[in-house]
Amino acid sequence: MALSSNVIGCINFVAMLLSIPVIGAGIWLAMEPDNSCVKILQWPVIILGVLILVVALAGFIGGFWRIPALLIFYLIAMLILIILLACLVVFIYMVTIRGSGHMEPSRTYLEYHLEDYSGWLRRRVQSPFKWDRIRSCLSSTSMCAQLNQSYKMAQDFFNAPLTPLQSGCCKPPTQCGYTFVNPTYWISPINNAADMDCLNWNNDQTQLCYSCDSCKAGLLANLKKEWRRADIILLITLVGLIWVYLIGCCAFRNAKTEEIFRKYKQGYTDT
């Protein structure tokens, strides 16, 4: 019984370590400018990571100090958390499976269209109330101002590896045919009717294309890239937790078997 209990304690120590990547992924998302403006995924990930840590700690204490109630709590609660983590992994994959950038002639950067992304993600940014808050948050960053410091000539800018947010929010769509003055100042559109975003572009440095659908699409493209990275971390952690849980279940079953055998042997000896 003592050996099995120690094994269970060690296994749950590993589960505690596995909670660190989950919490870390949530903190990383919270530190990214776009995620900090949207605030969708980071808190569920952080909360789930903290719950895994607390439950694993309960199992660790229950294993080393041989407290059956804590071990049973661990087995039930960890199973629920594994299911929740699996659902989160699948959910992130499903909402980020659609959407990609489009190439334009004589441009290195990509253009982004809102309709390419999943309906669930689009609903997070299409509401005027939600987007007003997100737009204010994005416009307070220096991502567009940095372009003016980095690129002075039009051809250098056209060959620049812009992020999806910079491509969607800091310049007008390429199809509008605006003339480059600097990365955030464009004049004389050729085709104002090509897209509503052509009309929404404003050279006011606080406006730019923050009201454009291309900006919303750029935000979703950024979120997709970051969420996919976080999803890989969560998937690896999920696999590790499943293995740890299965080993823990076997150790708990062996411990119970040893206990029953010990009581049976003690009773047989007493008689």
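Along the sequence shown, residues carry numbers from 1.
- For Y210 and W131, the ring centers sit 6.0 Å or farther from each other.
- S211 and N200 form no side-chain donor-acceptor contact under 3.5 Å, judged by distance and modelled atom types alone.
- R228 and T96 form a side-chain donor-acceptor contact under 3.5 Å, judged by distance and modelled atom types alone.
- Taking E111 as the reference, K171 meet the salt bridge (charged side-chain N to carboxylate O under 4.0 Å, His left out) condition, with sequence neighbours excluded.
- Residues V45 and Q42 are not in side-chain contact: their nearest non-hydrogen atoms beyond the backbone lie 4.5 Å or more apart.
- In this view, D231 satisfies the salt bridge (charged side-chain N to carboxylate O under 4.0 Å, His left out) rule with no residue, not counting sequence neighbours.
- Cysteines C215 and C209 have SG atoms no closer than 2.5 angstrom.
- Checked options P172, C176, P189; the residue passing with W201 is P172 (criterion: side chain to side chain contact (heavy atoms under 4.5 Å, CB included)).
- In terms of the salt bridge (charged side-chain N to carboxylate O under 4.0 Å, His left out) criterion, R122 has no residue partners (sequence neighbours excluded).
- Summarising the local packing, NZ of K130 is surrounded by more than 12 heavy atoms from other residues, nucleotides or ligands at distances under 6.0 Å.
- Judged by distance alone, the side chain of D34 and the main-chain N or O of L219 form no donor-acceptor pair under 3.5 Å.
- Disulfide criterion (SG-SG under 2.5 Å) for C169 and C144: not met.
- Looking at residues two or more places apart in sequence or on another chain, you find no salt bridge (charged side-chain N to carboxylate O under 4.0 Å, His left out) involving D156.
- Within the 4.5 Å cutoff, the side chain of M16 has heavy atoms near those of the F60 side chain.
- In this structure, F91 and W120 have perpendicular ring planes: the angle between them is above 60°, well past the 30° mark.
- The CD1 atom of I134 lies 10.5 Å from the NZ atom of K39; values are rounded to the nearest 0.5 Å.
- The local environment of OH in Y93 is sparse, with at most 12 non-hydrogen atoms from other residues, nucleotides or ligands closer than 6.0 Å.
- Remark: S139 pairs with no residue by the side-chain hydrogen bond (donor to acceptor under 3.5 Å, both in side chains) rule, at least two apart or across chains.
- Residue pairs that meet the ring pair (Phe, Tyr, Trp, His ring centres under 6.0 Å) test with at least one member in residues 132-161, sequence neighbours left out, are Y109-F157, F157-F180, F157-W186.
- Rounding to the nearest 0.5 Å gives a distance of 7.5 Å between CG of L246 and CD1 of I82.
- For the residue pair N35/W28, the side-chain donor-acceptor check at 3.5 Å is not satisfied.
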